[in-house]
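Input: a single structure, listed below in structure tokens.
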Amino acid sequence: QVQLVESGGGLVQPGGSLRLSCAASGFTFTFRNYGMSWYRQAPGKERELVANIISTGTITNYTPSVKGRFTISRDNAKNTVYLQMNALKPEDTAVYYCNRPNSVLPWGQGTQVTVSS
């Protein structure tokens, strides 16, 4: 019965910022033991991995196209993973999803991020 609910997306101009949230439920007692990831899927393209964070939040990694602009973080007390996105580009337009590394959980609905040109 695990659920992942993404939120925080919207329409922004190039150079703008958004903070995405991913609220997890159904495994509250073990959330702190899991690494988490953000993925995105742009129109007409395959879903791609954006960022990873280990269970404690002390180590993160990013796909090169977002490194230096995006920051993944987590609050295990809130069962939530975040993605701070700065200096957004039109190429960042996509539906953003969270999941466990290697996308082992059922996908949520995602949250739409649109960066206008």
Assigning hydrophobic clusters by single linkage (Ile, Leu, Val, Met, Phe, Trp, Tyr; side-chain heavy-atom cutoff under 4.5 Å), is [X] placed with [Y]?
X	Y	result
V50	L88	yes
V5	V95	no
W107	Y34	no

Quick one, [X] and [Y] - any side-chain contact, counting heavy atoms below 4.5 Å?
X	Y	value
I53	S37	no
R69	S17	no
L49	T63	no
M85	L83	yes
M36	L4	yes
S25	N79	no
Y96	E6	no
W38	F70	no

**Asked** What's in the same ILVMFWY side-chain cluster as Y82, cut-off under 4.5 Å, chained through other members?
**Response**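 Its cluster mates, by chain and number: none.
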Side-chain ([X]) to main-chain ([Y]) donor-acceptor, under 3.5 angstrom:
X	Y	value
R40	T93	no
Y39	S103	yes
N102	V104	no

**F31 CZ to K78 NZ distance, which is reported to the nearest 0.5 Å** =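 The NZ atom of K78 is 12.5 Å from CZ of F31, to the nearest 0.5 Å.
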**Approximate separation, where rounding is to 0.5 Å, of R32 CZ and D75 CG** =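 Between atom CZ of R32 and atom CG of D75 there are 11.5 Å.
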Would you mind writing out the side-chain donor-acceptor pairs for residues 110-117 within the sub-3.5 Å range, not counting sequence neighbours?
residue	atom	partner	partner atom	Å
T111	OG1	G9	N	3.0
Q112	NE2	A94	O	3.4
Q112	NE2	T114	OG1	3.3

**Request:** Check the side chains of R74 and N76 for a donor-acceptor pair under 3.5 angstrom, ignoring hydrogens and angles.
**Result:**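 Indeed, the side chains of N76 and R74 share at least one donor-acceptor pair under 3.5 Å.
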**Request:** Of all the heavy-atom pairs spanning A87 and D92, show the shortest one and how long it is.
**Result:**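 Of all heavy-atom pairs spanning A87 and D92, the closest is O-OD2, 4.4 Å.
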**A23 versus T80, closest heavy-atom pair with distance** =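 The pair with the smallest heavy-atom distance is CA-OG1, 4.1 Å.
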**Request:** May I ask you to check whether over 12 heavy atoms, not counting those of Q109, lie within 6.0 Å of atom CD?
**Result:**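 Counting other residues, nucleotides and ligands, CD of Q109 stays at 12 neighbours or fewer.
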**Message:** Tell me whether the count of non-hydrogen atoms from other residues, nucleotides or ligands lying under 6.0 Å of CD in Q3 goes above 12.
**Reply:**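 It does not: Q3 CD has 12 such atoms or fewer within range.
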**Request:** Please step through side chain to side chain contact (heavy atoms under 4.5 Å, CB included) for the pair N52 and T60, ending with a clear verdict.
**Result:** CA-CA 5 Å; N52 296 130; T60 60; over 6 Å; no
